[in-house]
Amino acid sequence: MSLPPVDLTPHIERRQRLRDYMRSQGGGIAVLATAPETTRSRDSEFPYRFDSDFFYLTGFTEPEAWLVLLAGEREASILFCRERHEEQETWTGHRFGPEAAAARFGFDEAHAVERLDELLPSLLLNQPTLFAPLQAGGAVGERLSRALETARQQARGQHQPPRRQIDPRPRLADMRLIKDPAEIALMRRAARISAGAHARAMRHVRPGMHEYEIEAELLHEFRRHGAQSVAYNSIVAAGANACTLHYPAGDAVLRDGQLLLIDAGCEYDGYAADITRTFPVNGRYSGPQRTLYDLTVAAQDAACAAIRPGASFNDGHEAAVRVLAQGMIDEGLLQGSLDGVLESKAYTRFYMHRTGHWLGLDVHDVGDYRESGESGDPDDAGERPWRTLERGMILTVEPGIYVRGAADVPEAFWDIGIRTEDDALVTDEGCELITRGVPVHAGEIEALMRE
């Protein structure tokens with residue numbers, strides 16, 4: 001996958017911010033590798049997907065690449081990547097090579113990745129701290145350990161290898177949590193494409209089709225608008241299948257009178273969208289379906305109203321749960337008072353997941369959901385307060401209700417699974433739903449399906 005950015009500025013600024021953090025810790029050297037290629041079967045690989053942290057800092061999308069950042073007496077950003085290779089490029093496509101990569105992606109230096117074992121040990125010398133993933137496994141961990149051992153053997157006098165190691169990923173997670181303008185623009189694009197795919201599915205669905213046929217409509221719309229991939233495996237679930245939260249698109253036949261739940265989003269230039277809609281196969285909600293659907297949308301509205309700078313990450317979830325729990329009581333799914341249902345968590349029988357997650361380069365993006373403890377260590381024991389929302393964060397808002405058939409459940413609601421999900425950008429005023437290019441209210445969905 002080749003996604004060279006037009007504007008280098010965001011990646012250069014991110015590398016500088018990481019070096020600023022490194023200096024605040026006394027300086028040192030950061031070493032990060034991108035993801036390896038993965039064999040699918042025999043001599044075929046899975047479609048390549050770069051490591052998200054690596055891409056965030058570099059914009060570079062080729063495999064077999066390493067980033068080295070120096071912060072201290074010497075400041076430098078160094079890329080190790082594959083050499084140009086005419087014969088290999090005939091089979092697998094263009095490579096930048098070190099010289100072109102340094103110029104195109106704004107590095108101070110670039111070298112062939114084959115020279116990493118030769119050059120990295122000397123770069124490690126005289127650095128107080130190594131910023132690298134702790135307990136890195138596989139070939140990456142082995143190569144880094146080998147370089148450290150060689151550096152120890154080369155050590156003389158004051159030229160010693162790093163005496164301590166800090167994992168940079170928590171810092172990178174905090175950086176990635178606040179989206180810069182370039183990221184927001186890409187996520188808006190991913191959201192528009194994904195919304196269009198959901199609208200296409202609504203227009204094309206008919207009783208008698210299979211779930212996989214609708215999945216094909218989604219994929220068609222993603223690719224024809226330039227998305228490079230799905231952001232995650234699409235969920236296309238008819239009828240009772242929607243009560244399985246991570247149900248993959250299968251071969252079930254769509255029946256007249258059923259609902260169809262679609263949870264699908266594309267990845268555009270590395271950034272994910274995540275949308276869920278639930279709509280009637282025949283174009284019209286039945287009475288019980290409409291009741292639960294409107295309840296879910298009301299819960300989403302309540303959650304969105306609670307999302308704003310200064311609120312906690314959990315405020316939206318609590319607002320949605322209150323609406324859903326009261327609706328479950330009103331419709332006879334649960335018995336008792338609202339406070340009692342909330343305290344006992346009886347609602348989790350029909351709503352068992354949280355109302356959202358961070359979104360960005362990964363569909364379940366990095367970033368702690370709770371504040372750091374007094375020591376600043378995110379792993380401090382004890383119940384830490386929920387993270388405070390800030391302008392530029394993007395999170396999903398996805399309440400749902402899942403009712404399986406049971407003797408104590410009104411039969412009209414049996415095997416109805418509903419979820420509605422949008423992507424919310426935290427703004428100065430509250431939040432903006434960037435995925436509303438596809439309707440969410442039942443009447444609007446029915447009108448679109450009549451087209």
Side-chain angles (χ1 to χ4, degrees), residues 14-15 18-19 21-39 45-46 48-58 60-83 98 101-102 105 107-176 361-362 366 377-379:
R14 294 165 197 162
R15 293 198 291 269
L18 182 57
R19 282 204 297 264
Y21 165 73
M22 293 165 63
R23 281 192 296 273
S24 75
Q25 302 300 308
I29 179 173
V31 182
L32 295 103
T34 195
E37 293 178 293
T38 304
T39 300
E45 285 79 34
F46 283 104
Y48 181 67
R49 173 52 158 82
F50 43 77
D51 175 81
S52 293
D53 280 340
F54 189 89
F55 176 75
Y56 180 75
L57 293 169
T58 67
F60 193 71
T61 61
E62 293 181 17
E64 298 181 63
W66 292 65
L67 171 66
V68 175
L69 294 178
L70 302 178
E73 294 182 7
R74 182 187 174 194
E75 297 275 323
S77 60
I78 306 169
L79 178 72
F80 289 85
C81 66
R82 301 179 302 183
E83 287 271 27
F105 296 93
F107 294 102
D108 300 310
E109 300 176 24
H111 304 281
V113 71
E114 290 79 8
R115 298 193 64 197
L116 182 70
D117 293 338
E118 169 197 347
L119 299 178
L120 184 55
S122 61
L123 292 171
L124 288 166
L125 289 173
N126 207 31
Q127 299 292 343
T129 303
L130 170 62
F131 295 84
L134 298 175
Q135 300 175 331
V140 170
E142 291 176 8
R143 203 163 187 181
L144 189 54
S145 296
R146 196 162 59 241
L148 282 167
E149 181 58 33
T150 302
R152 293 187 187 102
Q153 294 171 5
Q154 295 175 353
R156 294 290 186 275
Q158 294 183 347
H159 298 286
Q160 296 292 323
R163 297 182 181 278
R164 65 172 182 156
Q165 183 175 346
I166 295 177
D167 193 332
R169 289 174 297 182
R171 176 58 181 168
L172 286 169
D174 282 348
M175 289 170 57
R176 285 173 52 185
L361 281 166
D362 297 296
V366 293
D377 182 353
D379 294 324

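Computation of the quantities below employed the complete heavy-atom set of this structure, encompassing side-chain atoms and omitting hydrogens, waters and symmetry-equivalent molecules. This is a predicted model, so every value here is computed, not measured.
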Looking at every non-hydrogen atom in both residues, tell me the closest pair between [X] and [Y] and how far apart they are.
X	Y	answer
Leu69	Ser77	CD2-CB, 3.5 Å
Phe105	Phe60	CE1-CD1, 3.5 Å
Pro98	Ala112	CG-N, 3.6 Å
Phe107	Ala101	CD1-O, 3.9 Å
Ala151	Leu125	O-CD2, 3.4 Å
Gln153	Arg156	O-NH1, 3.3 Å

Distance in Å, Arg19 CZ paired with Phe131 CZ, rounded so as to fall on 0.5 Å steps: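 Here the rounded value is 12.5 Å.
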
Gap between atom CG of Leu79 and atom CG of Leu67 - 0.5 Å precision: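 CG of Leu79 is found 7.0 Å from CG of Leu67.
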
Evaluation steps, side chain to side chain contact (heavy atoms under 4.5 Å, CB included), between Leu130 and Leu148: CA-CA 10 Å; Leu130 170 62; Leu148 282 167; 3.9 Å; yes

Leu119 backbone acceptor or donor facing Ser122 side chain under 3.5 Å: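 Yes; judged by distance alone, with no hydrogens or angles, the pair exists.
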
Option among Leu57, Leu361, Val366, Leu172 that satisfies the side-chain contact (heavy atoms from CB on, under 4.5 Å) test with Ser52: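 The side-chain contact (heavy atoms from CB on, under 4.5 Å) with Ser52 is passed solely by Leu361 among Leu57, Leu361, Val366, Leu172.
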
Residue pairs involving residues 124-134 (criterion side-chain hydrogen bond (donor to acceptor under 3.5 Å, both in side chains); sequence neighbours excluded):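 As it turns out, the side-chain hydrogen bond (donor to acceptor under 3.5 Å, both in side chains) pairs with a partner in residues 124-134, which skip direct neighbours, are Thr129-Arg164.
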
Within-4.5 Å side-chain heavy-atom neighbours: Arg82 and Pro63: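 The answer is yes; the side chains approach within 4.5 Å.
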
Side-chain heavy-atom pair Asp53, Arg176 within 4.5 angstrom cut-off: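 Asp53 reaches Arg176 side chain to side chain.
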
Show which side-chain atoms of residues 22-37 pair as donor or acceptor with protein atoms under 3.5 Å away, not counting sequence neighbours.
unit_1 : atom_1 : unit_2 : atom_2 : d
Arg23  : NH1    : Glu75  : OE1    : 2.8
Arg23  : NH1    : Glu75  : OE2    : 2.9
Arg23  : NH2    : Asp20  : OD1    : 2.1
Ser24  : OG     : Tyr21  : O      : 2.5
Thr34  : OG1    : Tyr48  : OH     : 3.3
Thr34  : OG1    : Asp51  : N      : 3.2

Pair Arg143-Trp66, side chain to side chain contact (heavy atoms under 4.5 Å, CB included): steps then yes or no: CA-CA 11 Å; Arg143 203 163 187 181; Trp66 292 65; 3.9 Å; yes

Lys/Arg N to Asp/Glu carboxylate O, Arg146 vs Asp117, below 4.0 Å: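 Salt bridge: yes.
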
Salt-bridge present (Arg152, Glu149; N to O < 4.0 Å):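 Between Glu149 and Arg152 there is a salt bridge, with a charged N closer than 4.0 Å to a carboxylate O.
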
Side chain to side chain donor-acceptor pair (under 3.5 Å) partners of Glu109, counting only residues at least two apart: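 Glu109: side chain to side chain donor-acceptor pair (under 3.5 Å) contacts with Arg74, His111.
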
Exceeds 12 heavy-atom contacts within 6.0 angstrom, atom CD of Glu73: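 No - once you tally the heavy atoms of other residues, nucleotides and ligands closer than 6.0 Å, there are 12 at most.
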
